[in-house]
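Report on one structure; see the data block that follows.
Just so we're on the same page: letters track the sequence lines, and every chain starts at 1.
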Amino acid sequence: MKRYEKLEKDPVARELEILELWQRTDAFGESLRQTENGPRYVFYEGPPTANGRPHFGHLMPRVYKDLFPRYKTMQGHYVVRKGGWDTHGLPVELEVEKEIGVNSKPEIESYGVERFVQKCKESVWRYKAEWERLIRRMGFWIDLENAYVTYTDDYIESVWWELATMFERGLLYQGHKTLPYCPRCGTGLSSHEVAQGYKVVEDPSVFLRMPIVSDAASVYKLDGGVRTSLLTWTTTPWTLPANVALAMAANEAYVEVEQGSERLVLAKALMERALVGDARIVREMPGRDLLGVLYEPPYRLTSDAAAYQVYSAGFVNMDDGTGIVHIACAFGEDDYRLGQEEGLPFVQPVDLGGRFTEEFPLCAGQFVKDADPVVVADLKNRGLLYRSMPYEHDYPFCWRCDTPLLYYAMDSWYIRTTEFKDRMIEENEGISWYPSHVGEGRLGDFLENLKDWALSRDRYWGTPLNLWVCEECGTVSAVKSRADLVARATDPERARTVELHRPYVDAITLRCEACGGVARRVRYVIDTWFDSGSMHTAQWHYPFENEDRFRDSFPADFICEAMEQTRGWFYTLLATATILHGEAPYRNCMATGLGLDENGLKMSKSKGNVLDPWTYIDRFGADCIRWYLFSSSAPWKSKRIGEAAVQEPLYKFLDTVRNTYDFFALYATIDGYDPDVHPAREASFSILDRWIRSRLQTATRDVVTALDAYDVVSAAAALEAFVDDLSNWYVRLSRRRFWRGGMGEDKAAAYGTLREALLVLSRLLAPFVPFLAEAVYQPLRAGGDPESVHLCAYPAVDEDSVDSALESEMQLARSIAALGHQARNQAQVKVRQPLAHVVIASPGDVALRAEVQELIERELNVRRVDVVKDLGAYLTEAAAPNFRSIGPRLGASGPKAAAWIKGQSASALRNALATGSVTVAIGGETVEIRPEDVTYTVSLSEGYVQAETGSDRLLLDTRIDEDLRRQGLFREVVHRIQVARKDAGFDVTDRIRLAYETDDALGAILAQHEEEIAAEVLAVSVKHDMKGKHEYSQTIELDEGRRVAIGLTRMQDA
RNA sequence: GGGUCUGUAGCUCAGCUGGUUAGAGCGCUCGCCUGAUAAGCGGGAGGUCCCUGGUUCGAGUCCAGGCAGGCCCA
């Protein structure tokens, strides 16, 4: 005989068992093997860095990254899920710096680059085990054994191939990148680091004169023979020696003002704030008129003809200063770009230590910030200083050593991504984004303002930039593979085995193909984002091997990561693929929101509010967290991670599924139910069976439709609705079918239906909550079924089995039941008390078939249900006099008329007055009754109460006659005995001996129903006195002071 | 400063192309039901739908301008 065990109640224990099952049977591996010949569905793993501990936020994209591959696998697709690890980059270096106690490049050099790099390599695996444990425990099926690792020589070789390809196509070039630079540490800082170190400081703010020396090339002409200067402004006086130009806004209004013996030019909008004392406006002109004006700079460090004149620039604003911006290409990003566009000279009188060089003798050797007062004093002496004052603003400092950062134009290699801007925009339009605004807005906007990609980093731990420069002739060439390196190396043997990292690869020199000289590698490594952005190609070590695998898995059908990857991984994948393969590397891209703490703040290390995922996994289980994330709100919405919220799905949804199964298991075991021995016959399906079978189809349709549109919340909502229907309607109303003895046709139909519903449900749930789905599936599966629910086919809708008429009838029945309970509640009549009659008025054309009406009768415990279009028959309309109208007109006759109106039947009177007034004789008087003299009130017929919602109304007949009263009493007693059984701790199936004693009247009623009572409470014998011993006894108090003493004794097992 | 999202009950969120009295879940409270359930059902309390204008017969919904918060980028 088949036994169905109840499921383990503790979700954590249950999930651990399932994990073991999967491991034992290699379920994941099997799911791949069995789909190997199916159509591909390509997924790319965005690689995490394992040098940090995983936190709750990391789970958010991962649940979707698991859901869709599982779903597609069950639909027969072959979904390769190669894991990946991102391993290079500055964050890793910083961790190691902290560990070994250094914090600058010179210190790293003296520590030894080789030792340092080895430390980095170890560091990236620090939390690998943690990550793997988490991924496995959450039921995320991904191939970690064959994960790609960005630091391997194979991966680097593929990246080299990409870079060399770009180089050969002329897409790599050398330029300057302006970045916040720490002169003490000798390194540029990432924006993330800069953000940590802003402080409010006071700097000198100076306004100074740049005398105009020539108007030959401009529309503007000098006038009056007075000294005329352009007024400019800066908060970094030390950059003035590097001045090479001034920039103005072409379309803004500028004025020339006279003040004392001189004239000054500045923006009209800033006049008030910039000038001191009275000034007379001489003339006004747009900025464009001044373009080409030559001026005398404070320090003339170049003789370049392009220098020291006025240019137009879009970044000039009217917020502060004078609207005339001092340009030093070496010390500002905008400045540098303008310099590139206009061909300005690059004046750089400051060394990498932040000290002035001999190029600027006044301050040579001095740290730039210390030079500020020297420069200001010098300008003052020479009469160039118009005004100087302290200025408070935010300025970045090095977060490590507190040195003020300098914006410094550093040598850098770039990828000419701007050349592919239009292609990328076009490709982006072909990608389906979830949500759409990430693609259209966030990334779209970024692409519109695309800049070239600054690729190189002057660091140690990263993919080395594969460019070698000849020491003799300066020829630059790119190495495109290990073989290429060996072929061109001066020491081929060494090149064959050298690790492709600094410092090892730096030692490899090449023979210059142009001149035969010695070529050395540039010192840079590349931006780590290029590593991960290359995974579409490098994960397969393409083009050196796996050509077929690469072709089969490009582009991806689906990727998903956190929102902040938009300009990170989402962009770098798009950029590299568009350049190299001419196509976007993914078709559907989902961005997830942030994990917030209970106060709605972003989780971050610095705030100390990061949540360890294990705190919830170990209490509520993986499925609970998964379902919480799927069902609570759209993927891209930020989620507050609070205990109550995360826990909710456990009892609300998952336990409902478990209990529905447990219900089945309880009775199926009692009855020895076996689907093979007790097949369900379609002809025996009850209305409930047919209904839930139809719901199974519509739920499947809803889930599949939603998932195909990547709409996870709707899919989850459809499943929740189905589980509610199954548990709280199908099972609830079907309970009596399972209680009956034996195994009749109807019972077999009920078992068959419930079993099938649970099996289909387990498959529907499998991608969402893989553990619970498996737990439900395992005990139910038949001999020929797959070993795991995850090896089953995902349900497909069978439209022919949908009975929408029945579904909407049942919908109505459920709302009628709700109304009925409401009416009973209002009338204070318990459901246990049978009532005679309920009337429903529904404007819809839904006619309830007899079987559905029966369900309602049972649910509401009424003898008869009537569905009518019009409730008229149950309403009493009464006519009432309207004294406002009668009083003034009839005076003393009023009361008589009123009495007469009250005496009339409302409908007769309404008919009589339909065409106008009537004249009647009342006690010898003739009185005119007008329509407005009568008001009509509608009231329910005696004994009825009403409940309504929206368009439906329900009337409940609350009159209880003697027969109903007896029925109610009997049911009450049965109920009390059942409660007593439970209190006594008896098992559901225990047979008992029942004894009771009560007054004569009640005794007579009970005697009448004795057989029913015995059947209901599983009594094999009934005694009418309390003599003898009872295992459990109690006195029941009923209404009106009636009492029944009962005694229960269990029968020994036969 | 630019882009973008969000603002609805104590909390978490629904409210489709504008259409009666703004909903659900959790929590609170009163009652019911219970031979599966940590469940279910019903009643109640709880809302200036962030603010201000505008369009419209009608605005939580559309438009404009603010305010607040978040994120990405400067």
Original post:
Quick one: on RNA chain B, does A:K637 or A:R736 contact a more 5' nucleotide (nearest heavy atom)?
Top reply: A:K637
Subject >> Test item: side-chain donor near acceptor, A:D724 and A:N728, under 3.5 Å >> reply: yes
Subject >> Donor-acceptor pair under 3.5 Å, A:S633 side chain vs B:A14 base >> reply: no
Original post:
Across all strands, who's sitting opposite B:C33 as a Watson-Crick or G-U wobble pair, both distances under 3.5 Å?
Top reply: none
Original post:
A:R658 near the nucleic acid: base, sugar-phosphate alone, or nothing, with a heavy-atom cut-off under 4.0 Å?
Top reply: base
Original post:
Under the rule syn = chi within 90° of 0, otherwise anti, which is B:G46?
Top reply: anti
Original post:
So what does A:R824 touch, heavy atoms closer than 4.0 Å: a base, only the sugar-phosphate, or nothing?
Top reply: nothing
Original post:
Rounded to the nearest Å, what distance is computed from the CD atom of residue A:Q833 to the P atom of nucleotide B:C32?
Top reply: 14 Å
**OP:** Any strand is fair game: report the nucleotide pairing with B:G58 by Watson-Crick or G-U wobble, both distances under 3.5 Å, or none.
**Re:** none
**OP:** May I ask you to say what A:V438 touches in the nucleic acid, namely base, sugar-phosphate or nothing, with a heavy-atom cut-off under 4.0 Å?
**Re:** nothing
**OP:** May I have the distance from A:L447 (atom CG) to B:G3 (atom P), rounded to whole angstrom?
**Re:** 16 Å
Subject >> Integer angstrom distance from the C1' of B:C30 to that of B:U21 >> reply: 24 Å
Subject >> Residue-phosphate contact under 4.0 Å: A:Y667 side-chain N/O, B:A36 OP1/OP2 >> reply: yes
Original post:
Who does B:C26 pair with, Watson-Crick or G-U, both distances under 3.5 Å?
Top reply: B:G10
Subject >> Separation of atom CG in A:L726 from atom P in B:U37, rounded to whole Å >> reply: 16 Å
Original post:
Between atom CD in A:E859 and atom C1' in B:G40, what is the gap in whole Å?
Top reply: 10 Å
**OP:** Write down the distance separating the P atoms in B:U4 and B:A45, rounded off to the nearest Å.
**Re:** 43 Å
Subject >> Between P of B:A36 and CG of A:D671, the distance in whole Å >> reply: 14 Å
Subject >> Nearest-angstrom distance, P atom, B:G15 to B:C33 >> reply: 37 Å
**OP:** Quote, to the nearest angstrom, the C1' distance that separates B:G25 from B:G19.
**Re:** 27 Å
Original post:
For the rings on A:Y628 and A:F620, is their centre-to-centre separation under 6.0 Å?
Top reply: no
Original post:
Ring-on-base stacking between A:F446 and B:G3, under 5.5 Å between centres and under 30° between planes: is it there?
Top reply: no
Original post:
In terms of the angle between their ring planes, are A:F664 and A:Y4 parallel, tilted or perpendicular, with boundaries placed at 30° and 60°?
Top reply: perpendicular
Subject >> Distance, nearest 0.5 Å, that separates CG of A:D725 from CE of A:M810 >> reply: 9.5 Å
**OP:** Describe, in one word, how the ring planes of A:F653 and A:W627 are oriented to each other, choosing from parallel (under 30°), tilted (30 to 60°) and perpendicular (over 60°).
**Re:** parallel
Subject >> Nearest-Å distance once atom C1' is located in both B:G35 and B:G31 >> reply: 23 Å
**OP:** Starting at atom CZ of A:F738, determine the distance to atom P of B:U37, rounded to an integer number of angstrom.
**Re:** 15 Å
Original post:
Using the P atom in both, what is the distance from B:G40 to B:G2, to the nearest Å?
Top reply: 49 Å
Subject >> Rounded distance in Å between the C1' positions of B:C63 and B:C72 >> reply: 27 Å
**OP:** Please report, rounded to the nearest Å, how far the C1' atom of B:A39 is from the CG atom of A:D662.
**Re:** 13 Å
Subject >> Sequence-distant partners of A:H55, ring-ring contact (aromatic ring centres under 6.0 Å, His included), two or more places apart >> reply: A:H58
**OP:** May I ask you to evaluate whether A:H975 reaches the phosphate of B:U34, defined as a side-chain N or O under 4.0 Å from OP1 or OP2?
**Re:** yes
Original post:
With both distances under 3.5 angstrom, what nucleotide forms a Watson-Crick or G-U wobble pair with B:U48?
Top reply: none
Original post:
With rounding to whole Å, what would you report as the distance between B:G60 and B:C16 at their P atoms?
Top reply: 12 Å
**OP:** Could you list the residues that satisfy ring-ring contact (aromatic ring centres under 6.0 Å, His included) with A:F570, not counting sequence neighbours?
**Re:** A:W433
**OP:** Please give the nucleotide sitting opposite B:U17 as a Watson-Crick or G-U wobble pair, both distances under 3.5 Å, or none.
**Re:** none
Original post:
Now, which nucleotide makes the Watson-Crick or G-U wobble pair with B:G69, with each of the two distances under 3.5 Å?
Top reply: B:C5
Original post:
Between B:A39 atom C1' and A:N728 atom CG, what is the distance in whole Å?
Top reply: 7 Å
**OP:** Report which part of the nucleic acid A:L1018 touches: base, sugar-phosphate, or nothing (heavy-atom distance under 4.0 Å, all strands).
**Re:** base
**OP:** Could you check A:A817 against A:D655 and say which one's nearest nucleotide on RNA chain B is further toward the 5' end?
**Re:** A:D655
Original post:
Does a nitrogen or oxygen in the side chain of A:R832 sit under 4.0 Å from OP1 or OP2 of B:C32?
Top reply: no
Original post:
If you check the A:R735 side chain, which of B:C41, B:C26, B:U37 turns out closest?
Top reply: B:U37
Subject >> A:Y751 side chain to A:D671 side chain, donor-acceptor N/O pair below 3.5 angstrom >> reply: yes
